[in-house]
There are 2 protein chains.
Amino acid sequence: MISKKEKILNTALELFASEGYTAVSTRRIAEKAGVSEGLIFRHYKSKKGLLDAIKVQAGERTINLFAPIILQADPKKAIRMAISLPFEIPAKEYPFWKLLFKLKWETDYSEDNKMQPLINKLSWSFSQLDYKSPKKEAEILSHIIEGISTTILRDGKEAQMSLKQFLIRKYG
Amino acid sequence: MISKKEKILNTALELFASEGYTAVSTRRIAEKAGVSEGLIFRHYKSKKGLLDAIKVQAGERTINLFAPIILQADPKKAIRMAISLPFEIPAKEYPFWKLLFKLKWETDYSEDNKMQPLINKLSWSFSQLDYKSPKKEAEILSHIIEGISTTILRDGKEAQMSLKQFLIRKYG
DNA sequence: AACAAGTGAGTGAGTGATCACTCATGTCTT
DNA sequence: AAGACATGAGTGATCACTCACTCACTTGTT
């Protein structure tokens with residue numbers, strides 16, 4: 001059984017992702033979620049509070065996504081997993097990650113870089129494999145992964161599959 | 001002498017870039033630009049029309065930015081110029097490019113990929129230099145350039161300078 | 001040269017619609 | 001009965017946009 005509180009959060013997430021935070025009214029969220037508008041403010045104080053709750057969830061989901069890579073002891077495997085990461089995201093979660101990528105451009109949210117733990121792990125991996133500049137290699141690969149993620153979120157993963165193989169060969 | 005019409009466009013550009021399209025009211029644009037609110041609608045029919053005018057300018061500026069690279073006959077030089085691109089943008093133009101990067105995530109704008117001409121040129125360059133998979137190399141480098149651009153627009157270019165040198169060595 | 005007629009940039013009070021948010025009230029569950 | 005959950009009409013504020021109007025300036029006529 002999914003609670004009305006969760007229903008509100010999921011609906012807001014979906015609408016914010018596709019149309020943007022300011023463009024979506026609390027009335028529309030309530031209608032689409034099948035609850036009264038007042039209930040939004042009972043559970044999440046304000047519209048901003050609703051967004052904050054989504055951001056908290058975003059942080060948790062990001063950690064969960066990175067966890068298996070961070071914990072991977074084999075540097076080669078860690079790099080392969082990082083490259084595969086954008087392809088592992090199920091399509092039904094696309095709205096969620098789209099919203100995260102949008103939020104990167106909001107002034108008060110860009111500060112804490114969610115990618116940093118992954119970059120650190122990649123840096124460690126390249127270091128283990130005796131790359132000359134592991135830190136720079138890690139930064140570059142993280143840019144590539146982020147770029148591929150962006151493309152996948154916009155156009156789907158199919159067209160990017162061959163690029164994945166190319167990267168795994170290149171870094172393998 | 002800068003016309004009021006231009007003043008409106010520049011002010012809207014600045015506010016849209018820093019706070020987002022929907023978050024900025026036409027009243028605030030008028031106040032900051034030092035014109036009446038009505039004038040906005042005389043020159044640009046609607047708020048959406050104002051955004052469209054900015055998008056047209058964006059397309060022109062992007063072409064101008066890529067032009068010297070596209071025209072470069074030496075493939076090595078073309079690649080170096082592409083890598084240097086994010087560092088050549090003057091700080092006063094940051095709001096403009098920030099807005100462009102934000103707009104990438106708006107549903108009706110993401111379709112036409114402004115980067116494609118640059119990717120094609122890079123692909124040609126790698127081909128000239130006998131890379132095995134010039135197309136994929138070009139896609140990857142374009143992701144790196146876009147990632148560096150994003151970082152520079154958010155945090156400034158200083159911290160990225162060493163990465164630029166690293167890339168030029170790598171691809172040189 | 002003088003003046004009437006016309007043009008369009010520019011104004012700002014005013015419009016209905018919609019915004020985030022409140023609160024008196026109703027309906028469950030125990 | 002009582003407290004938590006839930007409602008939706010109502011609130012002032014703000015939204016994008018309109019419109020009647022002014023005024024500096026150009027154009028046509030004599």
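Not measured: the values here are computed from a predicted model. Below, chains carry the letters A, B, ... as their sequence lines are ordered, and counting in each starts from 1.
Minimum atom distance to the side chain of B/Ser36 is reached by C/dG12, of the listed C/dC21, D/dC17, C/dG12. Side-chain atoms of B/Phe41 lie closest to D/dT18 of the nucleotides D/dT18, D/dC5, C/dA9. Closest to the B/Leu39 side chain, of the nucleotides C/dT11, D/dA6, C/dC21, is C/dT11.
Regarding A/Lys47, its NZ atom lies at a distance of 13 Å from the P atom of D/dC15, rounded to whole Å. In this structure, CD1 of B/Ile29 is placed 12 Å from C1' of D/dC15, rounded to the nearest angstrom. We find that CD of B/Glu31 is positioned 12 Å from P of C/dA13, with the value rounded to whole Å. Atom-to-atom, NZ of A/Lys4 to C1' of C/dT27 comes out at 11 Å; the value is rounded to the nearest Å. Note: CZ (A/Arg27) to C1' (D/dT11) measures 12 Å, nearest angstrom. One can place CD of A/Glu37 at 11 Å from C1' of C/dT22, the figure rounded to the nearest angstrom. Taking atom CZ on B/Arg28 and atom P on C/dG12, their separation rounds to 19 Å, with Å as the unit. If you take CD1 of B/Ile40 and P of D/dC19, they are 17 Å apart, rounded to a whole angstrom.
Listed here is the closest heavy atom pair of B/Glu37 and B/Arg27: OE2-N, 3.5 Å.
Using a 4.0 Å heavy-atom criterion, one finds that B/Lys5 contacts no nucleic acid atom at all.
Checking the phosphate oxygens (OP1, OP2) of D/dA16, no side-chain nitrogen or oxygen of B/Lys48 falls inside 4.0 Å. Residue A/Lys45 places none of its side-chain N or O atoms closer than 4.0 Å to OP1 or OP2 of C/dC21. In terms of phosphate contacts, B/Arg42 brings a side-chain nitrogen or oxygen within less than 4.0 Å of OP1 or OP2 of C/dA9. Between D/dA6 and A/His43, a contact under 4.0 Å exists linking OP1 or OP2 to a side-chain N or O. Put simply, A/Ser25 has no side-chain N or O that comes within less than 4.0 Å of OP1 or OP2 on C/dT18.
Using cut-offs of 30° and 60° on the angle between ring planes, the pair B/Tyr21 and B/Phe16 is perpendicular.
In this structure, B/Trp97 and B/Thr62 have side chains that are in contact, with non-hydrogen atoms separated by less than 4.5 Å.
The neighbour count for B/Lys7 NZ, taken as heavy atoms of other residues, nucleotides or ligands under 6.0 Å away, does not exceed 12.
For the residue pair B/Asn120/B/Gln116, the side-chain donor-acceptor check at 3.5 Å is satisfied.
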